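Just so you know, residue 1 is the first one in the sequence shown, and it goes up from there. None of these values were measured; they are calculated from a predicted model.
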Amino acid sequence: MSNRCYFKFDSGGPGSGKGTQCTKIASDFGFAHLSAGDLLRHEIASGSEKGELILDIIKEGRIVPSEITVELIRKAMETSSANKVLIDGFPRSEENRIAFERIVGREPDIVVFFDCPEDEMVKRLLGRNQGRVDDNIETIKKRLKVFESLNIPVVDYYSSRGKVCKINAMGTADEIFEAVRKLFSSLSAIWPHDGLHAAITGGLNSETDKYCLLNRKILNFQTAYCGCHLGVSAGVCLKVGAILSWRTKEQLDEDASQANKRKESRVIGMTRLRLESFRVVIVSSMHVPEITTRKLLMRELAVPSTPSL
Ligand SMILES: Nc1ncnc2c1ncn2[C@@H]1O[C@H](COP(=O)(O)OP(=O)(O)OP(=O)(O)O)[C@@H](O)[C@H]1O
Ligand SMILES: O=c1ccn([C@@H]2O[C@H](COP(=O)(O)O)[C@@H](O)[C@H]2O)c(=O)[nH]1
């Protein structure tokens, strides 16, 4: 899996339908589907010593030590050639999340959370009939407690970073997938393709469309998206050392319509989530001389020398 890979975590309570939806996402949107629970169950089936420990923990609805789960996920990610990976049912705790970020060195681009009432989750788990050792009412009660106390704080953490997309998990699997499909269709513009992609953003009168053209020319971007947005985080600005001024939604729409009329570039309104999903974010700002922005861009992309225009 390359650094440019796009990846996401899927979260939700036990029985909320994560696995069902992930299978559909993988087949419709070309993601590699890595289920943390399945990786652990494969380890049990392998008959290893570690497997015995995992089985005891799963029977009690507790969380397997992070180093075991993260290592299984890391190996599976390493062997996958896909450039879009979705990790199902992980992280289950803040400790899991921190271990993953430390060992794998990445954060998810988005986290999809399947929101389902408890009684519905219990009904689904008791009706699953797949012979799982943890699909009995005693273990289910424990799993629900663990979900509330350990998993919800992870969702809260990613929410605070603007990464969580909540999906209402009530309804048929097909109805839920319609909502998932809409979400993924809107995100597909930022998934990695063969060329290099960059988001270009900026403040009032920062001429993002001009930068879009400029950078396409210099770096041969397959696509460059430009536009500026109210939700651009201070972190993004700091990353490239630029100062932003804010733009209203109406102004953004006007920017987009003007640039589209000129057929100069494709312009999309950038949400904070979208911006943070790009490996490269270029901030064009009237407060920063063009040459500074170009230098920052080169440094960000590790381009050895600045090509002349
Ligand atoms: N929308 C739905 N309505 C009714 N049943 C569903 C729905 N989605 C999934 N199911 C069923 O509910 C059960 C649990 O679904 P699934 O395995 O996808 O959940 P999960 O969140 O991955 O659970 P776990 O965390 O325990 O692995 C399965 O039997 C599945 O067929
Ligand atoms: O990251 C993880 C994922 C799972 N577990 C343990 O496995 C069971 C079953 O997981 P499902 O995702 O529901 O298939 C879960 O209750 C945990 O005991 C884990 O520890 N860490």
query = Going through the checks in order, is the salt bridge (Lys or Arg N to Asp or Glu O under 4.0 Å) test met by Glu120 and Lys123?
reply = CA-CA 5 Å; Glu120 177 66 19; Lys123 195 173 93 191; 3.5 Å; yes
ask   = Salt bridge between Asp134 and Arg143, side-chain N to carboxylate O under 4.0 Å?
value = yes
task = Would you check if Leu86 and Ile25 make a side-chain contact, meaning some heavy-atom pair closer than 4.5 Å?
result = yes
inquiry  = Test your reading of the model: is there a side-chain donor-acceptor pair from Lys8 to the backbone of Val112, 3.5 Å cut-off?
reply    = no
query = How about Val180 and Asp28: do any of their side-chain heavy atoms sit closer than 4.5 Å?
reply = no
query = How many angstroms lie between CG in Leu125 and CD1 in Ile140, if you round to the nearest 0.5 Å?
reply = 4.5 Å
remark   = In this structure, CG of Asp38 is separated from NE2 of His33 (nearest 0.5 Å) by 6.5 Å
message = Run Leu34 and Asp88 through side chain to side chain contact (heavy atoms under 4.5 Å, CB included) and show every step you take.
response = CA-CA 6 Å; Leu34 307 180; Asp88 167 10; over 6 Å; no
remark   = For Ile176 and Ala169, the nearest pair of non-hydrogen atoms, with its separation, is CD1-O, 3.1 Å
task = Report yes or no: does Lys50 contribute a side-chain atom to a donor-acceptor pair with the main-chain N or O of Glu43 at less than 3.5 Å?
result = no
task = Determine whether Leu40 and Ile58 make a side-chain contact, defined as any pair of heavy atoms from C-beta on separated by less than 4.5 Å.
result = yes
Test item: Glu175 side-chain N/O and Thr172 main-chain N/O as donor-acceptor pair under 3.5 Å = yes
request  = Flag yes if Ile98 and Phe100 sit in one hydrophobic cluster, no otherwise; membership is Ile, Leu, Val, Met, Phe, Trp, Tyr, and two members link when side-chain heavy atoms are under 4.5 Å apart.
outcome  = no
Charged N-O contact under 4.0 Å between Glu178 and Arg181 = yes
query = Do the side chain of Ser48 and the main chain of Ile44 share a donor and acceptor less than 3.5 angstrom apart?
reply = no
remark   = Minimal heavy-atom distance between Ala173 and Thr20, with the atoms involved, is CB-CG2, 4.0 Å
key: Approximate separation, where rounding is to 0.5 Å, of Ser66 OG and Glu71 CD   = 12.0 Å
request  = Answer yes or no: is there a side-chain heavy-atom contact under 4.5 Å between Leu144 and Pro14?
outcome  = yes
request  = Test Val122 against Ile137 for side chain to side chain contact (heavy atoms under 4.5 Å, CB included), laying out the working first.
outcome  = CA-CA 8 Å; Val122 174; Ile137 193 64; 3.8 Å; yes
message = Taking the ring of Tyr158 and the ring of Phe113, is the distance between their centroids below 6.0 Å?
response = no
inquiry  = Strictly distance-based, threshold 3.5 Å: is any side-chain N or O of Thr79 a donor or acceptor partner for the main-chain N or O of Lys75?
reply    = yes
query = How long is the gap from CE on Met170 to OG on Ser16, to the nearest 0.5 Å?
reply = 12.0 Å
key: Gap between atom OG of Ser11 and atom NZ of Lys166 - 0.5 Å precision   = 11.0 Å
message = Strictly below 4.0 Å, N to O, side chains only: are Glu107 and Arg97 in salt-bridge contact?
response = no
Shortest non-hydrogen contact between Ser159 and Val164, atoms and distance = N-CG2, 3.3 Å
request  = Ignoring hydrogens and angles, tell me if any N or O in the side chain of Ser80 forms a donor-acceptor pair with the backbone of Met77 under 3.5 Å.
outcome  = no
request  = Of all the heavy-atom pairs spanning Ser93 and Val154, show the shortest one and how long it is.
outcome  = C-CG2, 3.2 Å
query = Hey, are Arg74 and Glu78 close enough for a salt bridge, meaning a charged N less than 4.0 Å from a carboxylate O?
reply = yes
Considering all heavy atoms, the nearest Ala36-Phe90 contact = CB-CB, 3.8 Å
task = Walk me through it: do Ile73 and Ile87 pass the test side chain to side chain contact (heavy atoms under 4.5 Å, CB included)?
result = CA-CA 8 Å; Ile73 296 174; Ile87 301 176; 3.7 Å; yes
task = Decide whether Ile57 and Ile63 are clustered together by the hydrophobic rule: side chain heavy atoms of Ile, Leu, Val, Met, Phe, Trp, Tyr closer than 4.5 Å, transitively.
result = no
ask   = For Lys24, does the NZ atom sit with more than 12 other heavy atoms under 6.0 Å from it, leaving out its own atoms?
value = yes
ask   = Is the Lys NZ or Arg CZ of Lys18 less than 6.0 Å from the centre of Phe114's six-membered ring, within 45° of the axis?
value = no
inquiry  = Would a single hydrophobic cluster contain both Val146 and Val155, if residues Ile, Leu, Val, Met, Phe, Trp and Tyr are joined by side-chain heavy-atom contacts under 4.5 Å?
reply    = no
request  = Hey, could you give me the SG/CD1 distance between Cys116 and Ile167, rounded to the nearest 0.5 Å?
outcome  = 13.0 Å
request  = Using distance alone, with no hydrogens and no angle criterion, decide if Asn136 and Thr139 have a side-chain donor and acceptor under 3.5 Å apart.
outcome  = yes
task = Heavy atoms only: give me the nearest Glu148-Pro153 pair and the separation to one decimal.
result = O-CD, 3.9 Å
request  = Return yes if some donor-acceptor pair links the side-chain N/O of Arg92 with the main-chain N/O of Leu150 below 3.5 Å, else return no.
outcome  = no
